[in-house]
Amino acid sequence: MNLRKVKGSKNRRKAIYKLTKIHEKISNQKHDFQHKVSNRLISENQAIAVETLNIKGLKKNHKLAQVISDSAWYSFVLKLTYKAEWVGKTILKIGMFEPSSKTCNVCGYKLKN
């Protein structure tokens with residue numbers, strides 16, 4: 001057996017193990033942050049409105065795809081939903097085609113443009 005292959009193989013396994021640990025740590029930090037923010041939102045509000053987003057469509061923008069993937073929006077909404085149900089609060093899911101940013105929150109007037 002070639003000595004180089006044994007060393008490269010061992011070094012490769014070590015590198016993969018280190019990288020796996022780093023990815024696990026980042027994932028745990030993300031989930032911890034999401035739990036903390038969702039707990040705070042649920043405790044401070046009676047109702048929370050979230051807009052359903054076309055994540056697959058948003059990822060097609062190559063400049064934003066990585067950031068959108070890293071945000072884990074779907075898992076955050078899941079955490080909000082189950083925590084709201086647990087304490088009896090309301091989650092409103094607004095459709096992606098609803099003109100929410102064009103509608104006045106006071107009088108309900110909708111802008112045409």
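Keep in mind that the numbers below use all heavy atoms, side chains included, and drop hydrogens, waters and symmetry copies.
- Across all non-hydrogen atoms, the minimal contact from S38 to K79 is OG-CB, 4.1 Å.
- A pairwise comparison of heavy atoms in I91 and L80 identifies CD1-O, 4.0 Å as the closest pair.
- For the atom pair CD1 of I26 and CD1 of I22, the computed distance is 7.0 Å after rounding to the nearest 0.5 Å.
- Taking the side chain as every heavy atom from C-beta outward, K25 and Q29 approach each other to under 4.5 Å.
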Report task. Assess whether side-chain contact (heavy atoms from CB on, under 4.5 Å) is satisfied between Y17 and K21, documenting all intermediate values. Result -> CA-CA 6 Å; Y17 179 75; K21 285 295 188 184; 3.2 Å; yes
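- Between the OG1 atom in T52 and the NZ atom in K93 there is a gap of 8.5 Å [rounded to 0.5 Å].
- The OG1 atom of T90 sits 9.5 Å away from atom CD1 of I42, with the distance rounded to the nearest 0.5 Å.
- In this structure, CG in N45 is found 9.5 Å from CZ in R40, a value given to the nearest 0.5 Å.
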Query raised in the report: Where do S27 and H23 land on the side-chain contact (heavy atoms from CB on, under 4.5 Å) test, with the steps shown first?
Result: CA-CA 6 Å; S27 177; H23 282 291; over 6 Å; no
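- In this structure, F33 is a member of the same hydrophobic cluster as I68, with clusters built from ILVMFWY side-chain heavy atoms closer than 4.5 Å.
- At least one side-chain heavy atom of F76 sits less than 4.5 Å from a side-chain heavy atom of V37.
- Of all heavy-atom pairs spanning Q34 and S75, the tightest one is OE1-OG, 3.0 Å.
- With a 6.0 Å radius and a threshold of 12 heavy atoms from other residues, nucleotides or ligands, Q46 has its CD atom at or below the threshold.
- Counting only heavy atoms from C-beta outward, the side chains of K83 and H35 approach each other to under 4.5 Å.
- The number of heavy-atom neighbours closer than 6.0 Å to OH of Y82, taken from other residues, nucleotides and ligands shown, is above 12.
- Side chain of T81 to main chain of V77: a donor-acceptor pair is present (N/O by atom type, distance under 3.5 Å, no hydrogens or angles).
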